[in-house]
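Accompanying notes for the structure given below.
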Amino acid sequence: MDIQLSKHVALVTGAGEGIGRGCALALAEAGADVVVNDVNPVTGQATAAEIQKMGRRSLFAQADVSDARAVQAMVEAVQREFGVLHVLLNNAGFNLFKNLEQTSLEEWDRIMSVDLRGIYLVTRGMLPLLKIARGASVVNIASVHAQATIADITAYAAAKGGVVSMGRSLAQELGKHGIRVNTISPGFVRTPLLDRWLNSEPDPQASLARVNGFHPLGRIGTPQDIGNLVVFLASDYSSFISGANITIDGGLTARLMH
Ligand SMILES: NC(=O)c1ccc[n+]([C@@H]2O[C@H](COP(=O)([O-])OP(=O)(O)OC[C@H]3O[C@@H](n4cnc5c(N)ncnc54)[C@H](O)[C@@H]3O)[C@@H](O)[C@H]2O)c1
């Protein structure tokens with residue numbers, strides 16, 4: 001299957017690092033022009049520069065996805081530069097390892113604002129440009145924590161559960177415009193976010209070996225693994241897939257404790 005996304009314009013939120021960066025590069029590799037969003041201008045511009053070096057058009061759009069005004073400015077920039085959007089990857093997000101008593105109201109609101117409201121704001125803002133594409137693909141990044149989770153991560157699990165539910169309803173709402181909406185639920189993926197958790201462990205190397213061992217494939221995922229699925233969901237090869245929540249975790253959540 002040779003996936004060609006030339007003449008496609010994609011927007012990836014949180015594309016300065018980690019999964020977002022990997023997906024932005026994978027989309028560009030397949031031929032797409034990519035709008036790189038991030039709140040961090042240094043990493044965001046670096047990803048955009050990498051994409052330009054590949055011979056694609058790229059625009060860096062700095063915005064905190066939870067900030068309605070900043071998102072509106074990003075919408076206007078994409079409208080001016082490209083006038084259409086074929087692929088929207090809502091990836092920006094962060095997690096919070098805190099129990100209920102440790103989670104402040106501000107922290108609860110912040111995670112809901114970025115991980116959940118951000119998808120609402122960016123998708124709503126980009127909708128006119130997605131409609132113009134006639135067959136656009138929206139992909140939202142949730143997490144396996146929406147299906148099976150652990151203690152002391154309630155706010156994140158709740159936000160990601162919301163992302164999965166939002167995708168199911170949106171797929172029905174936007175189907176009439178030819179827009180497909182799908183959710184990806186990754187398991188462990190090697191990114192700066194995961195490294196922050198590993199580095200908070202007493203022995204990061206031992207923790208990584210333990211986590212690798214949870215997986216039937218013996219390893220955690222890479223941003224490229226997620227990028228491959230995003231490229232497929234962006235392409236016509238997935239033209240009958242909508243409203244799905246696709247787990248990509250190397251078999252992690254197929255496991256029963258035994
Ligand atoms: N890494 C994992 O194991 C894993 C597993 C499941 C789901 N996820 C999800 O994947 C997504 C990406 O995670 P990652 O591991 O690549 O994280 P990361 O922290 O490595 O990278 C996230 C990127 O998003 C940007 N970002 C953060 N908040 C933003 C905001 N408000 N507006 C715009 N950009 C913002 C950051 O600057 C960074 O460049 C998140 O939604 C995360 O919840 C990650």
Side-chain angles (χ1 to χ4, degrees), residues 11-26 35-48 50 60-71 73-74 88-97 107 109-123 125 139-150 153 155-164 166-167 183-200 207-208 211-212 214-215 219-227 229-230 245-250 252-253:
L11 165 67
V12 181
T13 67
E17 292 188 283
I19 291 175
R21 176 177 171 277
C23 292
L25 295 178
V35 181
V36 171
N37 157 267
D38 209 282
V39 71
N40 181 335
V42 177
T43 56
Q45 267 156 2
T47 303
E50 271 185 84
F60 171 59
Q62 184 180 3
D64 176 336
V65 294
S66 69
D67 177 340
R69 274 193 194 187
V71 168
M74 177 164 74
L88 169 59
L89 176 61
N90 286 305
N91 161 79
F94 69 101
N95 62 11
L96 183 71
F97 289 99
E107 287 170 324
D109 286 346
R110 183 70 191 145
I111 204 152
M112 292 299 161
S113 291
V114 176
D115 290 17
L116 197 49
R117 190 175 74 174
I119 299 181
Y120 150 73
L121 284 174
V122 176
T123 309
V139 180
N140 299 326
I141 301 289
S143 165
V144 289
H145 283 281
Q147 279 87 256
T149 191
I150 55 175
I153 197 165
Y156 182 71
K160 293 301 190 179
V163 174
V164 174
M166 189 187 340
T183 307
I184 294 178
S185 286
F188 290 90
V189 182
R190 192 75 197 257
T191 67
L193 174 142
L194 191 92
D195 286 345
R196 285 193 289 277
W197 169 73
L198 278 176
N199 292 332
S200 73
S207 293
L208 181 59
V211 168
N212 279 333
F214 294 159
H215 293 73
R219 68 166 180 91
I220 64 171
T222 65
Q224 178 75 51
D225 290 325
I226 312 300
L229 177 55
V230 167
N245 174 25
I246 303 173
T247 300
I248 175 163
D249 68 352
L252 176 75
T253 52

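Heads up: numbering here begins at 1 and tracks the sequence. We count ligands from 1, going down the list as the structure has it; atoms in each ligand are counted the same way.
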contact_flag [X] ligand 1 heavy-atom lt 4.0 Å:
{"X": "Ala63", "value": "yes"}
{"X": "Val114", "value": "yes"}
{"X": "Arg190", "value": "no"}
{"X": "Gly187", "value": "yes"}

### Query
What residues form a side-chain hydrogen bond (donor to acceptor under 3.5 Å, both in side chains) with Asp67, not counting sequence neighbours?
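side-chain hydrogen bond (donor to acceptor under 3.5 Å, both in side chains) list for Asp67, sorted by chain: empty.
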Report the member of [options] with the shortest heavy-atom distance to [atom].
{"atom": "atom 8 (N) of ligand 1", "options": "Trp197, Tyr156, Phe188", "result": "Tyr156"}
{"atom": "atom 27 (C) of ligand 1", "options": "Cys23, Gly93, Gly14", "result": "Gly93"}
{"atom": "atom 41 (O) of ligand 1", "options": "Asn37, Leu193, Asn91", "result": "Asn91"}
{"atom": "atom 37 (O) of ligand 1", "options": "Asn40, Val211, Asp38", "result": "Asp38"}

Check step by step if side chain to side chain donor-acceptor pair (under 3.5 Å) holds for Asn91 and Thr13.
CA-CA 5 Å; Asn91 161 79; Thr13 67; 5.2 Å; no
Legend entry - Nearest protein heavy atom with distance in Å, relative to atom 7 (C) of ligand 1: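 Scanning the protein heavy atoms, the shortest distance from atom 7 (C) of ligand 1 goes to Ala142 O, 3.2 Å.
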Q.
Please check whether Thr191 reaches ligand 1 - meaning an N/O of the residue sits under 3.5 Å from an N/O of the ligand, judged on distance alone.
A.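 Right, the criterion is met.
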Honestly, for Lys160 the part within reach of ligand 1 (heavy atoms, under 4.0 Å) is side chain
